[in-house]
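Below is one structure, written out as structure tokens; comments come after it.
Quick note: residue numbers are just sequence positions, from 1. Atoms considered below: every heavy atom in the structure, side chains included; atoms not considered: hydrogens, waters and symmetry mates.
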Amino acid sequence: RAARVPDAVLRRQLDEWPQLCAAVEAEPFEAVHRVVEAAELADAADQNRRGRSDDGVALVSPALTTRHPVSSPTPAEIAPRGAPREGSALRFGLQLPRFAWPGGAAELGERLRSIARLAEAVGFDTIWVMDHFRQIPQIGPAWEDMPESWTTLAHLAACTERVRLGTLVSGITHRNVAHLGKIVATLDVLSGGRVECGIGLGWFAEEHRAYGWELPSRAERYELLADALELLPRMWGPGAKPFHGRRIHVPDTSCYPRPLQAHVPILVGGSGEQRTLRLVAQYADACNLFGEPDVVTHKVAVLRDHCSHVGRDPADVSVSHLGTVLVGRDVAHVAALVERTRPPRSSAERHARAVHAGTVEQHVARVERYVAAGVDHVVVSLPDVAEPGALERYGEVIAACRR
């Protein structure tokens, strides 16, 4: 190819090679043909650095054949890849909260495809979108383009092969919760088992008013959230028994096709110490936190206390952190990016703080501080995500953190 393959992409491919081999072996092929055995591969790699083998011949060994019985995997055999496990590797996610890109709606589909594929190539493990129906005031004006979240994720599922997909987060007031369970199950099937279900209380009153939805009291929404955390796994499991919760009543919980994952991970957004994190400890697989490392350290300690009280291993709950970041090659490049991306009424200094502007090395150090605070899933929003080089630079951060 004319353009050089980014180092981060190549390192990622090499790191994934053993897992890819194991995955191929597990597939129900009648035969798997090996071109190079593992021991030969190490020799070949050393020889390839010199260009050719010692005797000048091409580095291809005779094919070997391994026989496997032909069988189709059941849904239970598909690993819940998003479920956190003790000692699991650090994951990186990309959030897409804004779609105000050049070309507008006419080019939105193609831009999303390009961004998702590149994000996958540079090492991101997950891609997330907000579940809002109009832009929130913290990010932009209400008339900005805001595609519907789960439809957008379906588009991204068709564009990608490996990254997991989810919402940060779906408000439990936005849809009938049983219907949400059906949406999630369908996308899990169509994506090959790559969905993570993010849910939260819902909060945007103006959005609810605009669409004619009721926004119940906070106490009522907590009851809805607790019901949703119990109902969704039932929708995705065997049987069709009715569900009667505090606020939700579903006469028939059948949902076909069921998700491919044996367990669809549920993430709860929010960091309320008395109720939200207690619900996470009781029912969820993950929580998403905001704030600086000292804030996250405290929230993780609270979560662990809740886990202890309900008899759950804290290692079973993944902790993600969402933040906006701007990554430059060096100090001068960082300053240029800050100036190019800052809002008209914001000073360069204020904007730099808001987007945590820094070099690759500074962001690697930032990730390390969050890992020390208890985070195992770093999710970032890149203000310049649609610009050339932005994803590749964060890919360098990912690669450095995984060395």
Side-chain angles (χ1 to χ4, degrees), residues 84-95 97 124-126 128 130 136 138-139 168-169 198 200-201 203 218 267-282 284-310 312-328 331 334 337-338 342 346-383 393-394 396-398 400-403:
R85 292 293 181 266
E86 186 172 7
S88 61
L90 176 64
R91 296 198 298 163
F92 288 88
L94 174 68
Q95 189 213 32
F124 281 98
D125 302 288
T126 58
W128 305 85
M130 299 195 303
I136 60 176
Q138 298 93 321
I139 294 178
L168 277 178
V169 287
L201 287 180
W203 60 271
R218 193 171 184 83
L267 176 149
V268 173
S271 57
E273 296 180 14
Q274 297 303 314
R275 289 182 287 186
T276 302
L277 293 181
R278 185 173 72 243
L279 287 174
V280 170
Q282 288 177 297
D285 302 288
C287 64
N288 183 66
L289 304 176
F290 299 88
E292 293 303 306
D294 58 336
V295 175
V296 173
T297 298
H298 171 70
K299 298 292 185 181
V300 170
V302 171
L303 174 62
R304 288 172 177 166
D305 285 344
H306 284 308
C307 286
S308 176
H309 290 151
V310 300
R312 187 175 185 191
D313 186 350
D316 289 339
V317 182
S318 175
V319 176
S320 65
H321 176 269
L322 173 62
T324 302
V325 301
L326 191 63
V327 186
V331 174
V334 171
L337 289 175
V338 167
R342 72 179 177 90
S346 179
S347 68
E349 293 78 9
R350 182 179 178 183
H351 182 58
R353 288 194 301 271
V355 299
H356 304 97
T359 63
V360 170
E361 292 76 15
Q362 289 170 327
H363 280 288
V364 170
R366 178 176 171 81
V367 169
E368 290 172 349
R369 290 195 293 273
Y370 279 106
V371 171
V375 170
D376 57 64
H377 188 180
V378 176
V379 184
V380 297
S381 170
L382 304 175
R393 288 192 297 276
Y394 201 82
E396 293 180 32
V397 176
I398 295 173
C401 290
R402 286 175 170 161
R403 288 190 189 123

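A donor-acceptor pair under 3.5 Å links the side-chain atoms of Arg278 to the main chain of Gln274, judged by distance alone. Judged purely by atom type and a 3.5 angstrom limit, Thr297 uses its side chain to pair as donor or acceptor with the backbone of Pro293. Of the possible polar contacts, none joining the Asp376 side chain to the Ser318 backbone as a donor-acceptor pair under 3.5 Å is found. Without hydrogens or angle criteria, Arg312 side chain to Ala281 main chain gives a donor-acceptor distance under 3.5 Å.
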Checklist entry - Stepwise, does the side-chain contact (heavy atoms from CB on, under 4.5 Å) test hold for Val327 with Thr359? => result CA-CA 5 Å; Val327 186; Thr359 63; over 6 Å; no

Checklist entry - Please walk me through it: do Val268 and Leu279 pass side-chain contact (heavy atoms from CB on, under 4.5 Å)? => result CA-CA 8 Å; Val268 173; Leu279 287 174; 5.9 Å; no

Item to check | Derivation of the side-chain contact (heavy atoms from CB on, under 4.5 Å) call for Asp285 and Leu267 | outcome: CA-CA 6 Å; Asp285 302 288; Leu267 176 149; over 6 Å; no

Item to check | Residue pair Glu361, Arg366: steps toward the salt bridge (Lys or Arg N to Asp or Glu O under 4.0 Å) verdict | outcome: CA-CA 9 Å; Glu361 292 76 15; Arg366 178 176 171 81; over 6 Å; no

Checklist entry - How far apart are the C-alpha atoms of Arg342 and Arg350, what are their side-chain angles, what is the distance that settles it, and do they pass the side-chain contact (heavy atoms from CB on, under 4.5 Å) test? => result CA-CA 9 Å; Arg342 72 179 177 90; Arg350 182 179 178 183; over 6 Å; no

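Rounding to the nearest 0.5 angstrom, the gap separating the CD atom in Gln282 from the CG atom in Leu277 is 11.5 Å. Taking NE2 from His363 and CZ from Arg393, the interatomic distance works out to 10.0 Å, rounded to the nearest 0.5 Å. Taking SG from Cys287 and NE2 from His321, the interatomic distance works out to 11.0 Å, rounded to the nearest 0.5 Å. Atom CG of residue Leu94 and atom CG of residue Leu382 lie 5.5 Å apart, to the nearest 0.5 angstrom. Separation of atoms CD (Gln95) and OG (Ser320) is listed at 10.5 Å; rounding is to 0.5 Å. Annotation: the span from Tyr370 atom OH to Leu90 atom CG amounts to 13.5 Å, rounded to 0.5 Å.
Taking each heavy atom of Ala400 and Val364 in turn, the nearest pair found is CB-CG2, 3.7 Å. Nearest heavy atoms, Arg304 versus Pro314: CG-CB, 3.7 Å. Of all non-hydrogen atoms in Cys401 and Phe92, the two that sit nearest each other are CB-CZ, 3.8 Å. Ile139 and Pro97 make their closest contact through CD1-CB, 3.7 Å (heavy atoms, listed as atom of the first residue, atom of the second, distance). Val355 and Pro383 get closest at one heavy-atom pair: CG1-CG, 3.9 Å. For the pair Val338 and Ala357, the tightest heavy-atom approach, listed with the atom from each and the gap, is CG2-CB, 3.6 Å.
More than 12 heavy atoms of other residues, nucleotides or ligands sit less than 6.0 Å from atom CZ of Arg402.
Of the candidates Val295, Val302, Val296, His298 forms a side chain to side chain contact (heavy atoms under 4.5 Å, CB included) with just one, namely Val302. The side chain to side chain contact (heavy atoms under 4.5 Å, CB included) test with Leu322 is passed by exactly one of Val380, Asn288, Val378, Leu289: Asn288.
Looking at heavy atoms from C-beta onward, Leu326 lies out of side-chain contact with Tyr394 at the 4.5 angstrom threshold. In this structure the side chain of Arg218 reaches within 4.5 angstrom of the side chain of Leu201, judged on heavy atoms.
Between Trp128 and His377, the ring planes are tilted. Angles from 30° to 60° get that label.
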